[in-house]
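Nothing here was measured: the structure is a model prediction, and the numbers come from that model. Proteins come first, then strands; the chains are lettered A, B, ... in the order of their sequence lines, and each starts at number 1.
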Amino acid sequence: MSNLRVRFAPSPTGYLHIGGARTALFNYLLAKKEQGTFVLRIEDTDVARSTRESVDAILQAMDWLGLSCDEGPFYQSERFELYQEKIEQLLAEGKAYRCTCTPEELEEKRNRALAEGGKPKYDGTCRDRAAQDADLPHVVRFRFPQQGETSFNDRIKGVIRFANDELDDLIIRRTDGTPTYNFVVVVDDATMGISLVVRGDDHVNNTPRQIPMYEALGFPVPEFAHVPMILGADKSRLSKRHGATSVMAYRDLGYLPEAMVNYLVRLGWSYGDEEIFSMDELIEKFSLENVGKSAGVFNPDKLLWLNAHYIKTGDVGRLAGLLRGHLLELGIDADGGPVLEAVVRSLQERAQTLVEMAEGARFYFAGKIEYDDKARAKCLTADKKEPLLEVVRHLEAMRECTLESVENAFAAMMAATGLKFGQFGPAVRVALTGSMSSPSNYEMIAILGVEESCRRIRAAIEVLE
RNA sequence: GCGCUCAUCGUCUAGCCUGGCCUAGGACACCGGCCUUUCACGCCGGCGACGGGGGUUCGAAUCCCCCUGGGCGUACCA
């Protein structure tokens with residue numbers, strides 16, 4: 001075990017999205033690589049917006065991606081006592097103060113400052129007033145240093161400095177008594193012993209507000225690594241209108257978790273020219289040094305390509321299990337049909353997602369083939385009757401039905417009759433599947449079996465035009 | 001507005017720190033060809049970028065400055 005302690009701290013106000021998943025992944029990889037500890041913390045201080053469903057969705061998504069935590073999940077909503085204690089401590093030490101300005105007054109001051117070209121920060125009305133009556137409605141503000149500067153050496157972005165007079169005394173406890181994000185994140189990261197905070201770029205600006213609080217509380221300041229944002233195709237922040245942003249939506253779309261992990265890690269990180277990484281390789285090769293500084297655009301095409309790669313190379317048994325679920329979604333019960341593993345093998349190289357595979361597998365389980373109009377008109381013509389009957393004859397003469405025996409049967413038929421593939425092949429394909437594109441005839445027949453294959457061919461003969 | 005930050009093919013990126021090996025490499029997408037019993041897979045090839053302007057230097061994608069553009073923040077959200 002090393003001393004490295006990292007954490008992923010999502011707020012449960014929705015599903016785990018692409019950006020959050022990547023942050024979680026980076027943290028996970030770092031922890032595994034250094035044999036450190038990966039802590040999961042649920043940031044639910046905003047009681048109104050946090051939901052149990054979101055927590056479950058996030059946990060489920062992390063589980064799907066294989067990002068197991070070593071500690072947690074911890075819930076901030078269960079730690080209010082600790083936060084209260086720390087706030088009282090700051091109050092007692094004069095490092096925080098009660099403020100009775102109303103939201104309306106603040107809003108008004110902000111607007112005025114902005115209109116006059118000034119900074120919309122808190123003007124410090126209550127800062128220097130004598131201690132405010134604790135019985136009056138009030139918030140608690142952290143007394144932020146107004147001189148000097150706050151800086152930190154970001155592990156990804158390098159040194160970042162802020163002039164302290166840019167920041168104001170932020171609210172750490174609301175009127176309703178609940179603590180706010182910027183404060184609890186400090187208390188939690190400190191008390192949970194987090195040594196490296198890896199989080200989204202959007203928190204860079206929060207960092208200089210948090211550092212003085214670590215110091216005021218007497219905590220050591222952790223290291224920070226801010227990972228760049230993920231943008232949509234138009235370079236604006238990734239959102240629903242750019243397509244699915246929920247990680248779990250991709251599972252339902254037929255994506256494999258390893259494809260998602262592989263895609264996510266390469267968005268912002270690279271390792272020479274390598275594109276394909278297993279989780280184990282990532283644990284070995286991932287490092288913050290190779291994380292880029294600039295925001296990246298989410299590219300669904302590349303994710304799709306990776307998914308196709310993992311489907312092509314995936315374990316057939318596992319894929320069959322997953323395919324079963326997707327077939328069910330299409331109303332197809334795989335039981336009683338052809339061996340699913342064989343079905344997967346025949347479709348592995350032609351499906352980019354499991355949903356595509358399920359759709360491509362439809363014909364295997366169809367009782368009655370629905371012919372594509374064009375395919376039927378082109379391939380199921382009257383002159384195919386004799387060739388198709390020959391096919392049936394030769395297939396039924398086989399002793400066993402394997403890929404090899406089917407191939408031999410066709411070879412024998414062609415030798416005996418002089419028929420060329422074009423005279424029966426396309427027709428067989430349409431008879432078997434209803435369409436002009438499919439796995440190879442031989443393979444399909446081997447999978448469907450002689451009886452079913454011949455039944456389909458005979459049915460096609462009935463409808464020749 | 002102000003603050004922080006980023007900037008290589010359409011996209012993800014290598015190269016940048018330690019200038020010359022860069023007529024800028026790889027991947028996705030796209031286009032063409034090959035393979036082929038269809039569709040795919042695969043293979044081969046093509047298209048395609050250092051945002052602009054100033055410097056520094058014998059030499060800059062690489063160093064410096066300015067401009068422009070993008071992102072983030074500026075909440076009693078996280």
Is the closest side-chain donor-acceptor distance between [X] and [Y] under 3.5 Å?
X	Y	result
Ser346(A)	Tyr364(A)	yes
His203(A)	Tyr181(A)	yes
Arg376(A)	Ser435(A)	no
Arg49(A)	Ser54(A)	no
Gln210(A)	Asn182(A)	yes

Using a 4.0 Å heavy-atom cut-off, does [X] contact any base of the nucleic acid, only the sugar-phosphate backbone, or nothing at all?
X	value
Asp168(A)	nothing
Thr45(A)	sugar-phosphate
Pro426(A)	nothing

Based on the glycosidic angle (syn within 90° of 0, else anti), state the conformation of C41(B). syn

Expressed in whole Å, how much space separates the [atom1] atoms belonging to [N] and [M]?
N	M	atom1	value
G45(B)	G59(B)	P	37 Å
A60(B)	U23(B)	C1'	16 Å
C16(B)	G3(B)	C1'	27 Å
G25(B)	C66(B)	P	32 Å
C12(B)	G51(B)	P	14 Å
U56(B)	C2(B)	C1'	33 Å
C4(B)	U11(B)	P	27 Å
U18(B)	A75(B)	C1'	46 Å

Among the nucleotides [options], which one has an atom lying closest to any side-chain atom of [X]?
X	options	result
Leu114(A)	C76(B), G1(B), G71(B)	G1(B)
Met229(A)	C72(B), A78(B), G26(B)	C72(B)
Asp301(A)	A29(B), G71(B), G73(B)	A29(B)
His203(A)	A78(B), C28(B), G73(B)	A78(B)
Lys157(A)	G71(B), U11(B), C6(B)	C6(B)
Arg209(A)	U74(B), A78(B), C28(B)	U74(B)
Glu166(A)	G3(B), G71(B), A78(B)	G3(B)
Arg110(A)	C76(B), G10(B), C72(B)	C76(B)
Leu106(A)	G3(B), A78(B), C76(B)	C76(B)
Lys293(A)	A78(B), G1(B), C6(B)	C6(B)

For Glu274(A) and for Arg49(A), find the nucleotide of RNA chain B with the closest heavy atom, then tell me which residue's nucleotide is more 5'. Glu274(A)

Where each residue is assigned the nucleotide of RNA chain B containing its nearest heavy atom, which of Ile160(A) and Thr175(A) is assigned the position nearer the 5′ end? Ile160(A)

Using Watson-Crick or G-U wobble geometry with both distances under 3.5 Å, which nucleotide pairs with [N]?
N	value
G45(B)	C31(B)
U56(B)	none
A7(B)	U68(B)
C21(B)	none
A14(B)	none
A61(B)	none

Between side-chain atoms of residues 7-16 of chain A and protein atoms elsewhere (two or more places apart, or another chain), which donor-acceptor pairs fall under 3.5 Å?
unit_1  : atom_1 : unit_2    : atom_2 : d
Arg7(A) : NE     : Asp189(A) : OD1    : 2.9
Arg7(A) : NE     : Asp189(A) : OD2    : 3.4
Arg7(A) : NH2    : Asp189(A) : OD2    : 2.8

Going by the side-chain contact (heavy atoms from CB on, under 4.5 Å) test, name the single residue among Ile447(A), Val316(A), Leu319(A) that passes it with Arg345(A). Val316(A)

Single hit among Asn307(A), Ile18(A), Leu304(A) for side-chain contact (heavy atoms from CB on, under 4.5 Å) with Tyr250(A): Ile18(A)

Between protein and nucleotides 13-19 of chain B, map the contacts as a letter string: B base, S sugar-phosphate only, - none, heavy atoms under 4.0 Å, written 5' to 3'. SS-----

Sequence-distant partners of Arg456(A), side chain to side chain donor-acceptor pair (under 3.5 Å), two or more places apart: Glu452(A)

Are Lys119(A) and C2(B) close enough that a side-chain N or O sits under 4.0 Å from OP1 or OP2? no

Starting at CD of Glu284(A), measure out to CG of Leu29(A) and round the result to the nearest 0.5 Å. 12.0 Å

Nearest 0.5 angstrom please: Lys157(A) NZ to His226(A) NE2, how far? 9.0 Å

Once you measure the plane-to-plane angle for Phe26(A) and Phe286(A), does it fall in the parallel (<30°), tilted (30-60°) or perpendicular (>60°) bin? tilted

Decide, yes or no, whether a salt bridge links Lys86(A) with Asp188(A) under the criterion of side-chain N to carboxylate O below 4.0 Å. no

Taking only distance into account, with no hydrogens and no angle test, what donor-acceptor pairs under 3.5 Å do side-chain atoms of residues 420-430 of chain A form with protein atoms, sequence neighbours excluded?
unit_1    : atom_1 : unit_2    : atom_2 : d
Gln423(A) : OE1    : Lys420(A) : N      : 2.6
Arg429(A) : NE     : Ser438(A) : OG     : 2.9
Arg429(A) : NH2    : Pro439(A) : O      : 3.4

Could you list all N or O pairs between the protein and nucleotides 65-68 of chain B that sit under 3.5 Å apart?
none

Asn290(A) side chain to Tyr271(A) backbone, donor-acceptor under 3.5 Å: no

Please produce a list of atom pairs where a protein N or O lies less than 3.5 Å from an N or O of nucleotides 38-42 of chain B.
unit_1 : atom_1 : unit_2    : atom_2 : d
U38(B) : O2'    : Met436(A) : O      : 2.8
U38(B) : N1     : Arg429(A) : NH1    : 3.4
U38(B) : O2     : Arg429(A) : NE     : 3.2
U38(B) : O2     : Met436(A) : O      : 3.0
U38(B) : O2     : Ser438(A) : N      : 2.8
U38(B) : O2     : Ser438(A) : O      : 3.4
U38(B) : N3     : Arg429(A) : NH2    : 3.1
U38(B) : N3     : Ser438(A) : O      : 2.4
U38(B) : O4     : Ser438(A) : O      : 3.1
U38(B) : O4     : Ser440(A) : N      : 3.2
C39(B) : O2     : Arg350(A) : NH1    : 2.9
C39(B) : N3     : Arg350(A) : NH1    : 2.4
A40(B) : O2'    : Glu349(A) : O      : 2.5
C41(B) : O3'    : Lys312(A) : NZ     : 3.0
G42(B) : OP1    : Lys312(A) : NZ     : 3.1

Check this for me: does the side-chain of Glu275(A) come within 3.5 Å of the base of G26(B) through a donor and an acceptor? yes

